[in-house]
Amino acid sequence: MIIVIKPKAKKEDIIRLKDKIRERGLTHLTFREKDRILLQVVGDAKQIETNGWASMKCVEKVVQISKEYPLASKEHHQQKTLIPIGDKVLGSDDFVVIAGPCSVESEAQVMEAAEIMKKLGIRIMRASAFKPRTSPYAFQGMGIEGLKLLQKVREKTGMLVETEVMDVRDVPIAAQYVDILRVGARNMQNFDLLKEMGKIDKPVILKRGIAATIKEFLMAAEYIMMNGNRQVILCERGIRTFETAYRNTLDLLAVAVLKKETHLPVIVDPSHAAGKRDLIAPLCLASAAVGADGLLVESHQNPEEAKSDGEQALYPAQLEKILKDLKPICAAVGRKL
Ligand code: PEP
Ligand code: MN
């Protein structure tokens with residue numbers, strides 16, 4: 001529900017309205033539109049539906065929102081969410097490429113990776129310090145040590161860094177070390193983690209769950225947003241289907257649907273969908289063509305030695321070629337690479 005406040009409403013009447021919102025266990029976000037203050041009220045639908053809002057002194061009108069994800073929806077918020085990251089703005093005409101290794105493996109490995117990214121003109125490096133692995137015996141990541149290495153990368157190379165967080169307790173810690181936090185596909189409906197991500201002041205990449213519908217995906221974004229953090233970046237990374245020729249089915253139609261449905265930026269991770277490096281280049285180009293705001297892609301200077309996802313890690317030369325091939329596609333769809 002959106003409550004439009006009268007332009008000359010008295011302060012005390014607005015306070016009474018806000019008290020009523022609070023008393024009903026609801027929360028609100030404040031926007032300004034020309035000379036109007038708008039309160040977007042979110043919470044339990046039954047409480048919101050209760051009459052009486054429109055008759056309050058300071059209220060000009062009440063607009064009901066039909067979506068289950070009012071904050072993420074475009075219904076009453078057509079302006080695109082813009083997320084400045086370094087010299088680029090995600091959600092604008094910029095096409096933002098985030099690339100790097102699956103995992104942080106050692107200081108030398110992340111430093112070398114960062115130097116390579118920098119030479120390629122990439123400004124944000126991905127690398128996970130906490131690893132969600134299907135096998136409990138597989139490499140589990142370097143943990144906090146890994147975060148510290150990412151901080152070193154930032155300091156020494158000037159690169160921005162992005163990493164996954166799996167545990168609620170690690171969210172505020174990771175927020176001190178890195179520029180962008182990520183919720184992995186397996187945690188898309190870890191609601192406590194989403195709420196914690198809502199309390200930080202850093203952009204969050206939210207990956208689509210392996211079997212999540214677009215609606216569930218947007219409701220997960222809503223969890224982060226309703227807790228205060230509006231800097232949510234949606235990431236399509238493939239969903240599980242009956243197909244076995246590749247790891248997951250990259251749902252590029254979801255990108256087109258999301259761009260219609262939400263004002264949040266949408267990026268694509270072709271690496272975890274394809275599972276094999278030779279399939280990734282066309283998926284990168286197709287992502288740009290379909291309207292994505294950027295890519296999250298895995299690369300490694302020595303994939304044979306990678307501690308995780310080596311088979312899908314691009315060689316630096318492959319990444320360089322993709323960046324070159326992306327240029328005309330981006331230009332054709334009005335994007336700057
Ligand atoms: C990753 O990006 O490193 C990762 C584990 O991806 P996903 O959560 O999409 O499986
Ligand atoms: Mn990976």
Side-chain angles (χ1 to χ4, degrees), residues 1-2 21-22 24-31 39-49 64-77 79-83 90-91 128 130 132 162-175 178-237 239 251 254-255 257-269 293 296:
M1 175 179 70
I2 307 252
I21 292 171
R22 216 170 303 119
R24 294 203 178 169
L26 304 167
T27 50
H28 75 274
L29 294 141
T30 309
F31 301 94
L39 299 188
Q40 181 158 9
V41 182
V42 288
D44 180 18
K46 281 201 191 90
Q47 292 298 331
I48 290 179
E49 278 163 17
Q64 291 296 343
I65 300 179
S66 57
K67 302 282 184 190
E68 286 162 274
Y69 37 86
L71 300 178
S73 164
K74 255 187 187 172
E75 201 176 16
H76 287 282
H77 190 285
Q79 265 170 309
K80 290 177 180 180
T81 290
L82 301 177
I83 304 181
L90 248 173
S128 301
F130 303 100
E162 185 269 4
T163 205
E164 174 165 359
V165 180
M166 301 198 295
D167 189 316
V168 175
R169 292 165 295 186
D170 294 325
V171 172
I173 303 169
V178 303
D179 302 282
I180 307 172
L181 278 66
R182 178 184 351 122
V183 176
R186 289 156 194 81
N187 276 312
M188 190 206 82
Q189 284 189 316
N190 180 340
F191 301 115
D192 286 335
L193 183 64
L194 299 176
K195 286 180 199 164
E196 204 60 28
M197 289 288 189
K199 295 179 194 156
I200 58 164
D201 187 20
K202 290 267 161 95
V204 174
I205 293 182
L206 174 65
K207 286 194 154 190
R208 182 179 181 186
I210 288 165
T213 63
I214 291 173
K215 190 166 149 187
E216 287 162 343
F217 190 17
L218 288 168
M219 283 164 91
E222 192 78 12
Y223 262 96
I224 302 174
M225 298 176 82
M226 71 168 285
N227 281 282
N229 189 352
R230 306 301 209 82
Q231 305 175 79
V232 179
I233 302 153
L234 301 170
C235 180
E236 162 61 36
R237 48 77 72 204
I239 48 174
D251 185 7
V255 177
V257 171
L258 286 166
K259 292 300 292 179
K260 278 196 154 194
E261 198 59 27
T262 176
H263 49 84
L264 298 171
V266 181
I267 63 170
V268 174
D269 169 356
D293 295 291
L296 177 70

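Note: hydrogens, waters and symmetry copies are ignored here, and every other heavy atom, side chains too, is used. Numbers here are sequence positions counted from 1. On a predicted model such as this, the values are computed, not experimentally measured, just so you know.
Between Ala211 and Glu216, the closest heavy-atom pair is O-OE1, 4.0 Å. The shortest non-hydrogen separation linking Ala175 to Lys202 is O-NZ, 2.6 Å. Shown here for Pro203 and Asp179, the closest heavy-atom pair between the two residues is CD-O, 3.4 Å. Nearest heavy atoms, Glu164 versus Ser128: CB-OG, 4.0 Å. Looking at every heavy atom in both residues, Leu234 comes nearest to Ala221 through CD2-CB, 3.9 Å.
If you take CE on Met219 and CG on Leu194, they are separated by 12.0 Å, rounding to the nearest 0.5 Å. Between the CG atom in Asn190 and the NZ atom in Lys195 there is a gap of 10.0 Å [rounded to 0.5 Å]. Interatomic distance, Lys74 NZ to Leu264 CG, rounded to the nearest 0.5 Å: 10.5 Å. We find the OH-OG1 distance between Tyr69 and Thr262 to be 8.5 Å, quoted to the nearest 0.5 Å. Atom-to-atom distance recorded for Ile210:CD1 and Arg237:CZ is 5.0 Å, nearest 0.5 angstrom. Here the CG-CD1 distance, from Leu181 to Ile200, works out to 4.5 Å after rounding to the nearest 0.5 Å.
Between Pro70 and Glu75, the closest side-chain pair of non-hydrogen atoms is not below 4.5 Å. Leu206 places a side-chain heavy atom less than 4.5 Å from the side chain of Met188. Proximity of Leu296 to Glu162: side-chain heavy atoms (C-beta onward) are separated by under 4.5 Å at one or more points. Contact annotation: the side chain of Phe130 never approaches that of Thr163 to less than 4.5 Å [non-hydrogen atoms, C-beta and beyond]. Residues Val255 and Leu258 are not in side-chain contact: their nearest non-hydrogen atoms beyond the backbone lie 4.5 Å or more apart. Within the 4.5 Å cutoff, no side-chain heavy atoms of Val42 are placed close to those of Met225. Side-chain contact between Pro265 and Ile83: present, with at least one pair of heavy atoms (C-beta onward) separated by less than 4.5 Å. Residues Arg186 and Met166 form no side-chain contact, since every pair of their non-hydrogen atoms from C-beta on lies 4.5 Å or further apart.
Applying the ring-ring contact (aromatic ring centres under 6.0 Å, His included) rule to pairs touching residues 179-213 yields Phe191-Tyr223, sequence neighbours excluded. Listed by first and then second residue, the salt bridge (Lys or Arg N to Asp or Glu O under 4.0 Å) pairs involving residues 205-214 are Lys207-Asp269, Arg208-Glu236, Arg208-Asp251 (not counting sequence neighbours).
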Are Val171 and Lys199 close enough, and set up right, to give a side chain to side chain contact (heavy atoms under 4.5 Å, CB included), and what steps lead you there? CA-CA 9 Å; Val171 172; Lys199 295 179 194 156; over 6 Å; no
Check the pair Val165 / Val178 against side chain to side chain contact (heavy atoms under 4.5 Å, CB included), numbers first and verdict last. CA-CA 11 Å; Val165 180; Val178 303; over 6 Å; no
Quick one, Arg182 with Ile233, criterion side chain to side chain contact (heavy atoms under 4.5 Å, CB included). Give me CA distance, side-chain angles, the key distance, then yes/no. CA-CA 9 Å; Arg182 178 184 351 122; Ile233 302 153; over 6 Å; no
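At distances below 3.5 Å, at least one donor-acceptor pair connects side-chain atoms of Asn229 with backbone N or O atoms of Met197. Glu222 contributes a side-chain N or O that, together with a main-chain N or O of Leu71, makes up a donor-acceptor pair within less than 3.5 Å.
Using a 4.0 Å cut-off between charged nitrogen and carboxylate oxygen, Arg169 and Asp167 count as a salt-bridge pair.
Donor-acceptor pairing under 3.5 Å is lacking for the side chains of Asn227 and Glu196.
Remark: Asp293 pairs with Lys259, Arg335 by the salt bridge (Lys or Arg N to Asp or Glu O under 4.0 Å) rule, at least two apart or across chains.
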